[in-house]
Amino acid sequence: MKTLHALARTKGLLVVAHRGASGTAPENTISAMKKALACGVAMIEIDVRLTKDATIIVFHDSTLDRTTNGTGKVRDFSFQELSRLDAGSWFSEKFAGEKIPLLSDILSLLRGKACVNIEIKPPAKDEDFQKRIDHIAKATLEAEFVDFTLFSSFHHESLKYLNSRHTGFHTAALLPPDDTRLPSQILQETGCGAFVCALDQLSERVSADISRHNIITGVYTVNTEEELRQAEAGKATAIVTNYPERMVQYLRERAT
Ligand code: G3P
Ligand code: CA
């Protein structure tokens, strides 16, 4: 498995599986990770949140309702309570009984196979974001996964804090909606080494700045060949996709 440093030096577009292979398996589950690994992607993006008892789980929404058979806020439940939920049936009965994974489960699965992009969700208003970052950083250090982890967030204060506490951590700033700052300005202000934006945020102005400053840039969500072309024209270094199998195939066919 390549370190992030080595990946950044690799020529060609990097395919990142968004919440695992979330187009064909329930997002952020072990099944979605296994499917993404089977395509041979070098990086998988996941979302993390903390439970009531400060356990780090892999989960996108702040509430349970969309992707489990539970209801209510994730942070109001302990991990033991959440581990009883079904996180697969909402997607398809084929995935009934799928569990919400721990961050540690995912890192164990990815070890030796792929890098991870851990997206740290913005904290709730009354949440201590620094404490949250400390937990996540500690888990990554303990798993000896720092060289293989890219941390990203829309919450730039979290990234600034992470960068101030640790050297050698890799961070990427996500472009918040309606933020008109250029990537170079955001990287300067946050101390991050990479930039991530949505495909519809990749304007000519943004692309020109990426080119001018040679910025490592991820673009999401890129699910079709046309979107792939748009991302490449916009100077993307990496594409974040729900269909890694499809994107890997397009790129393979194009190379032959
Ligand atoms: O990596 C970018 C993307 O994951 C950010 O948005 O909502 O899919 O977590 P979201
Ligand atoms: Ca995400």
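Values below: all heavy atoms of this structure, side chains included; hydrogens, waters and symmetry mates excluded. When a residue number appears, it is its place in the shown sequence, counting from 1. In listed order, ligands and their atoms are each counted from 1.
Phe169 and Phe151 have parallel rings, their planes meeting at less than 30° on a 0 to 90° scale where 60° marks the start of perpendicular.
In this structure, atom 7 (O) of ligand 1 lies nearest to the protein heavy atom His60 NE2, 2.8 Å. Protein heavy atom at the shortest distance from atom 4 (O) of ligand 1 is Glu45 OE2, 2.8 Å. Here the protein heavy atom with the shortest distance to atom 3 (C) of ligand 1 is His18 NE2, 3.6 Å.
For the residue pair Asp86 and Ser89, a side-chain donor N or O sits within less than 3.5 Å of a side-chain acceptor on the partner.
For CZ of Arg165, the number of neighbouring non-hydrogen atoms (other residues, nucleotides, ligands) closer than 6.0 Å is 12 at most. Counting heavy-atom neighbours within 6.0 Å of Glu81 CD, excluding the residue itself, gives a total above 12. Other residues, nucleotides and ligands place more than 12 heavy atoms under 6.0 Å from the CG atom of Asp126.
When heavy-atom distances to ligand 1 are checked against a 4.0 Å cut-off, Thr221 has no atom that comes that close, whether in backbone or side chain.
Close approach to Asp47 involves these atoms of ligand 1, each under 4.0 Å from a residue heavy atom: 9 (O). Under a 4.0 Å criterion applied to the non-hydrogen atoms of Leu174, ligand 1 contributes the atoms 2 (C). The ligand atoms of ligand 1 that sit less than 4.0 angstrom from a heavy atom of Lys121 are 7 (O), 9 (O), 10 (P).
Evaluated for a salt bridge (charged side-chain N to carboxylate O under 4.0 Å, His left out) with Arg229, the options Glu232, Glu226, Glu227 yield exactly one hit, Glu226.
Polar contact with ligand 1: present for Glu119 (N/O pair, distance under 3.5 Å). Where the criterion is an N or O separation shorter than 3.5 Å, residue side chain and backbone included, Arg19 meets it with respect to ligand 1.
Ile215 and Val16 are not part of a single hydrophobic cluster, where members link through side-chain heavy atoms under 4.5 Å apart.
For His18, the ring-ring contact (aromatic ring centres under 6.0 Å, His included) criterion is met by no residue, not counting sequence neighbours.
Per residue Asp47, closest N, O or S atom to the Ca ion (ligand 2): atom name OD1. Sorting the N, O or S atoms of Glu45 by how far they are from the Ca ion (ligand 2) puts OE2 first. Summary: OE1 is the N/O/S atom of Glu119 found nearest to the Ca ion (ligand 2).
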